[in-house]
Amino acid sequence: MTITLVRENYVALRHLNQMVEECYPGSTIVAFSSAEKAIEMIKKNGKQIDLCFTEILINGRPSGFRIVEELRRRNRWAKAVQKEIDHIK
């Protein structure tokens, strides 16, 4: 399973990465703190992504929607979890 994580807050991204590693042992996890970098990777490898965790707002814009939109263009079977949580600063 290949999982993509997108959070602009680096500390929150690290915590999410640790949690996902524990929940999905053996998975390939690719983490990004930039929506643009995540979208670039999805355009190249979207068919290989099974699951994506992303914020809705990244850098104050609804970039999470763009990420999921791009992913679904490449892999309509991919699952996405979008959440706006900022309790980890």
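Remember, predicted model here, so these are calculated numbers, not experimental data.
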Discussion item. Has Asn45 got a side-chain atom pairing as donor or acceptor with Gln48's backbone, closer than 3.5 angstrom?
Written reply: no
Practice prompt. Examine distances only and state if a side-chain atom of Asp50 and a backbone atom of Ala78 form a donor-acceptor pair shorter than 3.5 Å.
Written response: no
Worksheet item: Looking only at heavy atoms, which two atoms of Thr4 and Val6 are closest? And how far apart?
Response: CG2-CG2, 4.1 Å
Item to complete: May I ask you to decide if Ile29's main-chain N or O and Asn17's side chain share a donor-acceptor pair within less than 3.5 Å?
Response: no
Worksheet item: Under 4.5 Å between any side-chain heavy atoms of Leu5 and Ile3, yes or no?
Response: yes
Discussion item. So which atom in Leu13 and which in Ser33 form the shortest heavy-atom distance, rounded to 0.1 Å?
Written reply: CD2-N, 4.0 Å
Discussion item. Taking Glu8's backbone N and O only, do any of them form a donor-acceptor pair with Glu55's side chain (distance below 3.5 Å, no angle check)?
Written reply: yes
Worksheet entry | From NZ (Lys79) to CZ (Phe53), nearest 0.5 Å | 13.0 Å
Worksheet item: Taking C-beta and beyond as the side chain, do Met19 and Glu22 meet within less than 4.5 Å on heavy atoms?
Response: no
Discussion item. How close do Phe65 and Gln82 get, counting heavy atoms only, and between which atoms?
Written reply: N-NE2, 3.3 Å
Fill in: Short N-O contact, Glu40 and Lys43, less than 4.0 angstrom
no
Fill in: Any Val30 side-chain heavy atom under 4.5 Å of Met41 side chain
yes
Practice prompt. Verify side chain to side chain contact (heavy atoms under 4.5 Å, CB included) between Val68 and Thr54, making sure each step is shown before the conclusion.
Written response: CA-CA 8 Å; Val68 173; Thr54 181; 4.1 Å; yes
Worksheet item: Do Ile42 and Ile67 come within less than 4.5 Å of each other through their side chains, counting heavy atoms only?
Response: yes
Worksheet, complete the sentence: Minimal heavy-atom distance between Leu71 and Cys52, with the atoms involved, is CD2-CB, 3.7 Å
Discussion item. With a 4.0 Å cut-off on N to O distance, would you call Arg66 and Glu70 a salt bridge?
Written reply: no
